[in-house]
Amino acid sequence: MGCAGSTPKVDENSKKLKKPKAWKHTQPITPAQLKQMRDEFWDTAPHYGGQKEIWDALKVAAESDLALAQTIVDSAGIIISNPDMTLCYDERGAKYELPKYVLSEPTNLIREG
């Protein structure tokens with residue numbers, strides 16, 4: 001372990017990403033409703049603070065497979081506090097909280113057709 005105040009190396013800093021645990025929405029929703037929720041979150045997220053570039057990187061990572069998401073967060077210098085990406089920080093210490101619905105589908109998603 002480094003001294004307090006020393007900059008941690010990237011490999012100490014980054015946790016391996018994991019798929020979010022299964023979750024259930026309060027009521028069954030359609031893929032279209034899920035997409036609308038996600039779009040609204042990403043449209044408003046930068047207004048809660050942090051850097052737009054980090055929000056953009058988190059959005060791409062959230063929509064990617066785990067290996068690509070890991071590469072994105074590592075290269076953007078995003079510090080993963082929870083392995084499922086629900087809580088992240090940037091190198092300046094700004095906090096980024098992601099709701100489960102932008103990271104995975106609920107178990108009660110209504111499959112159309």
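Sequence positions, counted from 1, serve as the residue numbers for this chain. Because the structure is a prediction, the values reported are computed rather than measured.
Under the 4.5 Å side-chain heavy-atom criterion for grouping Ile, Leu, Val, Met, Phe, Trp and Tyr, Val73 is connected to Leu66 within one hydrophobic cluster. When the side chains of ILVMFWY residues are joined at heavy-atom separations under 4.5 Å, either directly or via intervening members, Leu98 and Leu17 end up in a single hydrophobic cluster.
Here the shortest heavy-atom pairing between Ile79 and Asp90 reads CD1-O, 3.6 Å. When all heavy atoms of Pro20 and Asp84 are compared, the pair lying nearest together is CA-CB, 3.7 Å. Counting all heavy atoms, side chain and backbone alike, Ala76 lies closest to Ala57 at CB-CB, 4.0 Å. Nearest heavy atoms, Leu34 versus Pro106: CD2-CD, 4.0 Å. Pairing each heavy atom of Ile80 with each of Cys88, the nearest pair is CD1-SG, 3.7 Å. For Val102 against Phe41, the heavy-atom pair with the smallest separation is CG1-CD2, 3.7 Å.
Here the side chains of Pro28 and Leu109 are not in contact, with every heavy-atom distance at 4.5 Å or above. Side-chain contact between Tyr101 and His25 is absent, with no heavy-atom pair separated by less than 4.5 Å. With a 4.5 Å cut-off on side-chain heavy atoms, Ile72 and Ser64 count as touching. In this structure, Leu103 and Thr86 have side chains that are in contact, with non-hydrogen atoms separated by less than 4.5 Å.
Sorted by first and then second residue, the pairs that involve residues 40-54 and meet salt bridge (Lys or Arg N to Asp or Glu O under 4.0 Å), not counting sequence neighbours, are Lys52-Asp56. Residue pairs meeting the salt bridge (Lys or Arg N to Asp or Glu O under 4.0 Å) criterion with at least one member in residues 17-27, sequence neighbours excluded, do not occur. Among residues at least two apart or in separate chains, ring pair (Phe, Tyr, Trp, His ring centres under 6.0 Å) pairs with a member in residues 68-100 are Trp55-Tyr96.
Applying the 4.5 Å side-chain rule to ILVMFWY residues, one finds that Ile110 remains a lone member of its cluster. Tyr48 belongs to no hydrophobic cluster with other residues, because no ILVMFWY side-chain heavy atom falls under 4.5 Å from its own, directly or through intermediates.
With rounding to the nearest 0.5 angstrom, the CD1 atom of Ile54 is 15.5 Å from the NZ atom of Lys59. The CD atom of Gln51 lies 11.0 Å from the CG atom of Leu58; values are rounded to the nearest 0.5 Å.
In summary, the side chains of Trp23 and Ser104 do present a donor paired with an acceptor at a separation below 3.5 Å, with no hydrogens or angles considered.
No donor-acceptor distance shorter than 3.5 angstrom exists from the side chain of Asn82 to the backbone of Met85, with no hydrogens or angles considered. Between the side chain of Glu97 and the backbone N or O of Leu87 there is no donor-acceptor pair closer than 3.5 Å.
Looking at residues two or more places apart in sequence or on another chain, you find a side chain to side chain contact (heavy atoms under 4.5 Å, CB included) between Asp39 and Lys35.
The pair Glu105-Lys100 does not count as a salt bridge, with every side-chain nitrogen at least 4.0 angstrom from each carboxylate oxygen.
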